[in-house]
Amino acid sequence: MTTTMNQPTAQPGPGMPVDADQAPRPGSRAARMLLPRSAEALRSLAEEYGVCSRPVLLRRTDLTTGQTEVVDLPCGATREDKCGPCAKRAKRLRQQQCREGWHRDEEPLPDPHEPDEGQRALIRLRAHFEFERARALAAAQWDQLAELDEAIGEVEAAIAESGMRGSVAPAHETRDSDGLVVPDPDDQASDGSRRHRSTRRRQDVPDLPRKKVEARTVGRTFGTEGGLVFRPSMFLTLTLDSYGRVRPDGTPANPSTYDYRRAAWDAVHFPALLDRFWQNLRRAVGWNVQYFGAVEPQRRLAPHAHFAIRGAIPREVLRQVARATYRQIWWPATDHVVYGDDALPVWDAEAGTYRDRDTGQALPTWDQALNLVDDQDNETEPEHVVRFGEQLDIKGVLAGSPEAARLIGYLTKYLTKSVDTCHKTETDRQAGHLDRLWHELRYTPCSSRCPNWLRYGVQPEKVKPGRRPGQCKARVHQRSTLGIGGRRVLVSRNWSGKTLADHKADTRAWVKATLGLTITDRAAGHPDGHEQGKPAPVAWELARPDDGDVPPLAHRLLRRISERIQLRSALNAARDRIDTTGPPGQPDVSATGATRPAGEEA
């Protein structure tokens, strides 16, 4: 017979979970801690309705009436860890930009207008001044030359004010009172000579066809026997070469043989490699290929780029151009560390140079180091050569297909995240891989002005006191970028024919047209009777949170949330009305040219 004895019930100790049926005593501290926090609820609601939680304060003053008001300007952050609503808005704007330019069937930019008679008269006056300047230069009349240069500058300014783009001719060389040319320090080496580098292609890469680039950006069409016409576009992914075998989590299988140095150099010069790829591709296919791309890290933390390409290009041509594209870096040698952190060169304030701590000898300048590289050009290899890897992902995409919408979302997936948080670091092995790559990037030279050159016994260009290796302020050295220090979004000039400001204006125009408003409504109803279409003269200045006329942040967030709720309700009602009765009579949505951005919110 088994006897069951009553065991004492275990009481929850500190840190132990409390059962659901053991609710805390009402009024106790534990009960109060379970209540939601109103401040967090406010910020969550602001993020839900797209209200910026860290706005920039501006004070707007009407110069006619003297009335002032405080305006909250969204911070415009593009990373969600800084401001989620602004980052989401920026991401939707980029998606709209990608969508409008990807499958265009006509050129995005119209032909420029012909110059009017006033503009032609300015060009004729510029021609007369150029003739007189050449005559004064031949006669060594330096006083008249200076006066003519000043007059040419005034005419160039008048040409720009008349509405013409660009300059008629390049600027002339500046001369002193004795007629000697004043050199531009940013355009020449220290000895006054221009530095030229041979453009001869490497022998270990395939040759590419070179065609004259046509002034068209739209791809060709393909027809079927049934009369259907297709204008396909493409989606391309470019990656860097391998630095060693990696595990599924992106970490090296053998960290001791993984080439971290080459990975860091490739990451720093990856943007230049992408520019060279598009240059080679346009010359190979013979037309102005347009692209929209995003740069992001792979799981192994090496950068790669996704591109939406307008028009169709043979896959073999893309592979051939990728294999033939490279970027040579002709910099001083960095294979040997000359000065460690405990014996760095010292600054000589009188001579304006860095000297060896022990010998007192001045370090070679940047130009002297490059001259040594030029002398050995025919005998040595470049300091680094960056190339693409063998892995290319190429897809054909049709306009309006579900695949096109999916790829736009895939292309902009990580735009709101910092580079080091695109992939979660869940293990110590992943954290160690990230730390080793970042440590290598800290001491990798990023430009001719990078203080890391002191580590290798070379003074950086435009040297200054207080420089120290490993403390360069460039973005490529930051842990949050991991070498991707440039623009995360790469867009060709003729992609959509619009800037981001133009796309924002399109969104506002669509909202106004949907609600039946006009752009000049506010100006037309101004109480001071300003001319219709012309805003009142105002002045803007930064305001401080502790100013007397600035309400608390919570009050301003509550107002903005209310405004967004009312705007969404009005916009939804207008959409329902348009679906049943059509666009409002004034203004007509189609008449304004404003189309609803797909996936865009008010």
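A quick note: this is a predicted structure, and the numbers were derived from the prediction, not measured.
Salt bridge absent: Glu214 and Arg282 never bring a charged side-chain N and a carboxylate O closer than 4.0 Å. With salt bridges taken as basic N to acidic carboxylate O contacts below 4.0 Å, none links Glu80 and Lys88. A salt bridge does not link Arg216 to Glu107: none of the charged nitrogens lies less than 4.0 Å from a carboxylate oxygen. By the 4.0 Å N-to-carboxylate-O rule, Lys498 lies close enough to Asp506 to be salt-bridged with it. The residues Arg261 and Glu383 are annotated as salt-bridged, a charged nitrogen and a carboxylate oxygen being separated by less than 4.0 angstrom. Ion pairing between Glu403 and Arg406 holds under the 4.0 Å rule for side-chain N and carboxylate O. Between Arg323 and Glu316 there is a salt bridge, since at least one side-chain N of the basic residue sits less than 4.0 Å from a carboxylate O of the acidic one.
A distance of 10.0 Å separates CD in Glu106 from OG1 in Thr217, rounded to the nearest 0.5 Å. In this structure, CE on Met164 lies 12.5 Å from NE2 on His113, to the nearest 0.5 angstrom. With values rounded to the nearest 0.5 angstrom, Glu461 atom CD is found 8.0 Å from Leu370 atom CG. The CG atom of Leu441 sits 10.0 Å away from the CG atom of Leu301 when rounded to the nearest 0.5 Å. Rounded to the nearest 0.5 Å, atoms NZ (Lys82) and OG1 (Thr416) are 13.0 Å apart. Ile159 contributes atom CD1, which lies 8.0 Å from atom CG of Leu125 (distance to the nearest 0.5 angstrom).
A distance-only check finds no donor-acceptor pair linking the side chain of Gln144 to the backbone of Gln141 [under 3.5 Å]. Counting only distance, with no hydrogens or angles, the side chain of Trp438 and the backbone of His477 share a donor-acceptor pair below 3.5 Å. Judged purely by atom type and a 3.5 angstrom limit, Trp453 uses its side chain to pair as donor or acceptor with the backbone of Ser447. Arg276 places no side-chain N or O within donor-acceptor distance of the main-chain N or O of Thr325, the cut-off being under 3.5 Å. No side-chain donor-acceptor contact under 3.5 Å links Glu154 to the backbone of Ala151. In this structure, Arg262 contributes its side chain and Ser242 its backbone to a donor-acceptor pair below 3.5 Å. Thr237 places no side-chain N or O within 3.5 Å of a backbone atom of Leu392 that could act as its donor or acceptor partner. Proximity of a side-chain donor or acceptor of Arg487 to a complementary backbone N or O of Val489 within less than 3.5 Å is detected. Using a distance-only test at 3.5 Å, with no hydrogens or angles considered, no donor-acceptor pair links the side chain of Thr239 to the main chain of Gly389. The backbone N or O of Lys417 sits nowhere less than 3.5 Å from a side-chain atom of Thr421 that would complete a donor-acceptor pair.
Gln298 CD: more than 12 foreign heavy atoms inside a 6.0 Å radius. More than 12 heavy atoms of other residues, nucleotides or ligands shown are found within 6.0 angstrom of NZ on Lys91. Counting non-hydrogen atoms of neighbouring residues, nucleotides and ligands closer than 6.0 angstrom, the CZ atom of Arg120 reaches no more than 12 such neighbours. The number of heavy-atom neighbours closer than 6.0 Å to CZ of Phe222, taken from other residues, nucleotides and ligands shown, is above 12.
Between Leu398 and His103, the shortest heavy-atom contact is C-CE1, 3.9 Å. When all heavy atoms are compared, the tightest approach of Gln320 to Pro209 is NE2-CD, 4.2 Å. When every heavy atom of Cys86 is checked against every heavy atom of Gly76, the shortest pair comes out as SG-N, 3.6 Å.
Side-chain contact, His503 with Ser496: a donor N or O sits under 3.5 Å from an acceptor N or O. Gln290 and Ser492 share a side-chain donor-acceptor pair at under 3.5 Å. Residues Thr412 and Gln95 have side chains that bring a donor and an acceptor to within less than 3.5 angstrom of each other. Remark: the Asp420 side chain and the Ser418 side chain contain an N/O donor-acceptor pair separated by less than 3.5 Å. Between the side chains of Gln97 and Arg94, at least one donor N or O lies within less than 3.5 Å of an accepting N or O. Side-chain contact, Glu156 with Ser167: no donor N or O sits under 3.5 Å from an acceptor N or O. Asp266 and Tyr243 are linked by a side-chain donor-acceptor pair at a separation below 3.5 angstrom, with hydrogens and angles left out of the test.
With ring centers used as reference points, Tyr414 lies under 6.0 Å from His423. The aromatic ring centres of His306 and Tyr410 sit less than 6.0 Å apart.
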Residue pair His384, Trp330: steps toward the ring pair (Phe, Tyr, Trp, His ring centres under 6.0 Å) verdict: CA-CA 7 Å; His384 185 72; Trp330 292 93; over 10 Å; no
Criterion ring pair (Phe, Tyr, Trp, His ring centres under 6.0 Å) on Tyr291 and Trp278, from CA distance to verdict: CA-CA 9 Å; Tyr291 59 87; Trp278 293 111; 4.2 Å; yes
Step-by-step salt bridge (Lys or Arg N to Asp or Glu O under 4.0 Å) determination, Arg135 to Glu132: CA-CA 5 Å; Arg135 183 191 58 79; Glu132 293 297 330; 3.0 Å; yes
Met234 and Ile394: CA distance, side-chain angles, deciding distance, side chain to side chain contact (heavy atoms under 4.5 Å, CB included) verdict: CA-CA 7 Å; Met234 307 196 75; Ile394 307 173; 3.4 Å; yes
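Residues Phe277 and Leu238 meet the side-chain proximity criterion, which asks for heavy atoms closer than 4.5 Å.
Ring pair Tyr260/His433 is tilted by interplanar angle, where 30° to 60° counts as tilted. Relative orientation of the Phe235 and Trp102 rings is tilted, given thresholds of 30° and 60° on the angle between their planes.
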